[in-house]
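The structure appears right after this line, and notes come after that.
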Amino acid sequence: MSLTAVLSRIDADVPQALDRLFELLRIPSISTDPAFRTACDRAADWLVKDLESIGIAAEKRVTPGHPMVVGHADGSGPHLLFYGHYDVQPVDPLELWDNDPFDPKLEDTAKGRVLRGRGTADDKGQLMTFIEACRAWKAEQGTLPCKITIFLEGEEESGSPSLVPFMEAHKDELRADLALICDTAMFESKTPAIVTMLRGMLQEEITITGPDKDLHSGYYGGIAINPIRVLSQIIATLHDETGRVTIPGFYDGVPELSDQMQAQWDALGFDHAAFLRDVDLSVPAGEQDRTPLEMTWSRPTCEVNGIWGGYTGEGFKTVLPAQAHAKISFRLVGDQDPLKIREALRGMITKMLPADCSVAFTAHGASKACVIDADDPRFEKALQALSEEWQVPAAYIGGGGSIPVAGYFQDILGTTPLLIGFGKDDDALHSPNEKYDLESFHKGMRSWARILAALT
Ligand code: BES
Ligand code: ZN
């Protein structure tokens, strides 16, 4: 049978697939840092060439930011749109990496073989699982089992600023019967899963300014306002003592979980103690009246991602800083409106400013949450294919992260997104020593081969 041949081809070609992935991983495509702009461009070029090597007509498409890569391959059957992102997160703190983040290695660990390096799991390793599955189909059958459009972005990790205009301008080219996204994880590292819910995102940068320059804290300390104190006070009021966010109107559009979804999640038996133990924690610290799974999947959050100002170098400097800065982001759910929340946040902060202080806001990414109706026979087929490959029943789960494109597929293209990824909880996404299990890569390729067959 043809699928069997494709799976065997994948098994036989793992070393070559790893070589290809490692080439891509060596390109430091950090999208948020302008210093890596040409690297992002090179990653896009590499992908175009790789897609062309399997007969997928691909192009690098310019945007005001980093380029998109779009490829088309004809085939019979339904039209599938595959999305992945070739950009990666910054690598700091670099000193916590055991190896060069952009010199990927295959490593033996107590839990099995892993690919180590920035982008192995998020998202280059994952996106290559799909491309390799296409390569194997093409090699064995001479053609793909479906009509396929490949759509790769280079700005996902920095809020996808070019994505909406690009999609609006190329709606007709991108619209498909079903969109596949490989940028998520399995449930508790062992159960393959389809993600049916992703949180949205709002990012805001805040700068509070007091005096016109950094001052001697002996001359001015006491009489002069300190912007770091002002900022700290503001940040401290963003949550109440139960963990709820205090921004006016923040919870507008936050739905309660349906009984059906609640039952489905309860049945998963999430081991939150183990999840926290993995990162040296023990107590769920979110809204105290919510379950741990709700905290990570279906409740909105407000997190301070960074805060700086004054003197933070070696030794000590008795300075009274002129400015204090913070980067604050929100995970959104249901129908929460990121732009309304941005306005409410700005209003609240402006109101709290004491005399002589000013505030400047810089807007970063904003995207709504995405809820996907899994009541679709194609989802059942994919779930079945996953279960067969991994030899355990696959599950429908939520996802705490954000993948803005999933919502845009729904709203701009009217195309349903099917989110399947093979990441594991201990992959250290966005952290030092990011890894992707060899098992995820190998079974990921095999899973896509099966899913393609199941969707024809
Ligand atoms: N791959 C992640 C999203 C993800 C993480 C999904 C964990 C499921 C589980 C993605 O690349 C990511 O990190 N996205 C950013 C988007 C943000 C910058 C808009 C995120 O979630 O922080
Ligand atoms: Zn990702």
Side-chain angles (χ1 to χ4, degrees), residues 24-25 29-33 43 65-66 82-90 118-130 151-164 180-189 191-205 270 275 278-279 293 295-298 300-306 327-333 336 338 342 363-370 372 395-408 417-431 434-436 440 444:
L24 178 60
L25 288 168
S29 46
I30 302 171
S31 58
T32 199
D33 185 342
H66 303 302
F82 175 80
Y83 168 93
H85 63 90
Y86 66 78
D87 63 321
V88 299
Q89 286 276 335
R118 176 57 92 225
T120 49
D122 193 5
D123 183 39
K124 291 170 176 171
Q126 299 239 67
L127 78 85
M128 287 307 288
T129 58
F130 186 83
F151 179 33
L152 307 173
E153 186 194 359
E155 300 185 313
E156 197 274 350
E157 299 292 10
S158 47
S160 301
S162 309
L163 188 59
V164 170
L180 308 173
I181 300 177
C182 190
D183 195 23
T184 49
M186 308 207 296
F187 179 65
E188 290 188 329
S189 305
T191 307
I194 294 178
V195 171
T196 62
M197 211 185 232
L198 282 169
R199 291 193 284 193
M201 166 63 70
L202 169 65
Q203 302 171 328
E204 187 81 348
E205 193 168 325
F270 177 55
F275 185 73
D278 255 3
V279 290
L293 263 195
M295 287 181 195
T296 48
W297 288 351
S298 66
T301 67
C302 161
E303 297 295 349
V304 184
N305 303 118
K327 290 184 193 275
I328 302 183
S329 69
F330 300 82
R331 298 278 169 185
L332 309 178
V333 303
Q336 274 180 301
R342 195 194 300 284
H364 290 262
S367 62
K368 289 192 69 168
C370 170
I372 300 153
Y396 289 117
I397 63 172
S402 310
I403 306 175
V405 77
Y408 304 146
L418 172 57
L419 290 140
I420 296 174
F422 310 99
K424 300 196 177 181
D425 290 338
D426 61 355
D427 282 346
L429 302 187
H430 300 194
S431 301
E434 178 180 347
K435 62 93 175 155
Y436 195 47
S440 295

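In listed order, ligands and their atoms are each counted from 1. Because only heavy atoms are used, hydrogens play no part in the values below, and waters and symmetry mates are left out as well, while side chains stay in.
Nearest heavy atoms, Ser431 versus Arg118: O-NH1, 2.9 Å. Scanning all heavy atoms of the two residues, the minimum distance from Leu429 to Glu434 falls at CD2-OE2, 4.4 Å. In terms of heavy-atom proximity, His66 sits nearest to Tyr86 at CB-OH, 3.8 Å.
Taking distances strictly below 2.8 Å, the protein N/O/S atoms close to the Zn ion (ligand 2) are His85 NE2, Asp122 OD1, Asp183 OD1, Asp183 OD2.
Between Gln89 and Thr32 there is no side-chain heavy-atom pair separated by less than 4.5 Å. Here the side chains of Asp426 and Lys435 are in contact, with some heavy-atom distance below 4.5 Å. Annotation: side chain of Leu202 is in contact with side chain of Arg342 (closest heavy-atom distance under 4.5 Å). Residues Asp87 and Glu153 are not in side-chain contact: their nearest non-hydrogen atoms beyond the backbone lie 4.5 Å or more apart.
A heavy-atom separation below 4.0 Å is not found between Arg199 and ligand 1. Not a single heavy atom of Gln126 sits under 4.0 Å from any atom of ligand 1. Ligand 1 has Asp122 within reach: a non-hydrogen atom of the residue lies less than 4.0 Å from it.
Here Leu418 contributes atom CG and Ile372 contributes atom CD1; the two are 8.0 Å apart, rounded to the nearest 0.5 Å.
Evaluated for a side chain to side chain donor-acceptor pair (under 3.5 Å) with Lys327, the options His364, Glu204, Glu205 yield exactly one hit, Glu205.
Classification of the Phe82-Phe130 ring pair by plane angle, with boundaries at 30° and 60°, yields parallel.
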Determine, stepwise, if the pair Thr191 / Met186 fulfils side-chain contact (heavy atoms from CB on, under 4.5 Å).
CA-CA 6 Å; Thr191 307; Met186 308 207 296; 5.8 Å; no
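Residue Asp183 has at least one nitrogen or oxygen atom sitting less than 3.5 Å from a nitrogen or oxygen atom of ligand 1, judged on distance alone. Polar contact with ligand 1: present for Glu157 (N/O pair, distance under 3.5 Å). Where the criterion is an N or O separation shorter than 3.5 Å, residue side chain and backbone included, Thr184 fails it with respect to ligand 1. Looking at Ser402 next to ligand 1, an N or O pair under 3.5 Å apart turns up.
Not counting sequence neighbours, Ser298 has no partner by the side chain to side chain donor-acceptor pair (under 3.5 Å) test.
For ligand 1, the atoms closer than 4.0 angstrom to any heavy atom of Gln203 are 18 (C).
Of all protein heavy atoms, the one closest to atom 10 (C) of ligand 1 is Glu156 OE2, 3.3 Å. Distance from atom 5 (C) of ligand 1 to its nearest protein heavy atom, with residue and atom name: Leu429 CD1, 3.8 Å. Nearest non-hydrogen protein atom to atom 9 (C) of ligand 1 is Gly401 N, 4.4 Å.
The residue among His364, Arg331, Met201 with a heavy atom at the shortest distance from atom 21 (O) of ligand 1 is Arg331.
Under 4.0 Å from ligand 1, the heavy atoms of His85 that appear belong solely to its side chain.
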